Engineer: 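One structure coming up, written as structure tokens, with questions to follow.
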Amino acid sequence: MKLPDFLILSLSAALAIIGTHLTITSGLISSYPVFMFAVALLFWYRYRKNEASLKSEVSKQDPIKKVKSRKSK
């Protein structure tokens, strides 16, 4: 896990904790934006993780494709 991914995930967890505290003290309506921001950060984290895994799969497949294309010529 790279540093930006770690920071995004940590910030999302911290916002979920803050949102829970706000829900207990002020109510759900005042904590709703905090929870939505935490969920948005989670989605962003998953997007970055999926993008990184796709890039690693492509980089693993490229040498094989190059070898196959050389053999067919």
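Source: prediction; values computed, not measured.
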Engineer: Can you list every pair that meets salt bridge (charged side-chain N to carboxylate O under 4.0 Å, His left out) and has a residue in residues 7-27, with sequence neighbours left out?
Structural biologist: none
Engineer: Examine Leu9 and Ile17 and state if one hydrophobic cluster contains both, with Ile, Leu, Val, Met, Phe, Trp and Tyr joined whenever side-chain heavy atoms are less than 4.5 Å apart.
Structural biologist: no
Engineer: Which heavy atom of Ser30 sits nearest a heavy atom of Pro33, and at what distance?
Structural biologist: O-CD, 3.7 Å
Engineer: According to side-chain hydrogen bond (donor to acceptor under 3.5 Å, both in side chains), does anything in residues 31-43 pair up with another residue at least two apart or in another chain? List the pairs.
Structural biologist: Thr23-Ser31
Engineer: Kindly give the heavy-atom pair with the smallest separation between Val34 and Leu15, and that separation in Å.
Structural biologist: CG1-O, 3.3 Å
Engineer: With a 4.5 Å cut-off on side-chain heavy atoms, are Leu28 and Leu22 touching?
Structural biologist: no
Engineer: Can you pull the side-chain hydrogen bond (donor to acceptor under 3.5 Å, both in side chains) pairs that have at least one residue in residues 45-54, sequence neighbours excluded?
Structural biologist: Asp5-Arg48, Tyr47-Glu51
Engineer: With ILVMFWY side chains joined below 4.5 Å, transitively, what does Ile29's cluster contain besides itself?
Structural biologist: none
Engineer: If hydrophobic residues (ILVMFWY) are linked whenever their side-chain heavy atoms come closer than 4.5 Å, directly or via other members, who joins Val39 in its cluster?
Structural biologist: Phe43
Engineer: To check you understand the geometry: which heavy-atom pair defines the closest contact between Phe35 and Thr20, and what is its length?
Structural biologist: CZ-N, 3.4 Å
Engineer: Does Ser12 have any side-chain hydrogen bond (donor to acceptor under 3.5 Å, both in side chains) partners at least two apart in sequence or in another chain, and if so, which?
Structural biologist: none
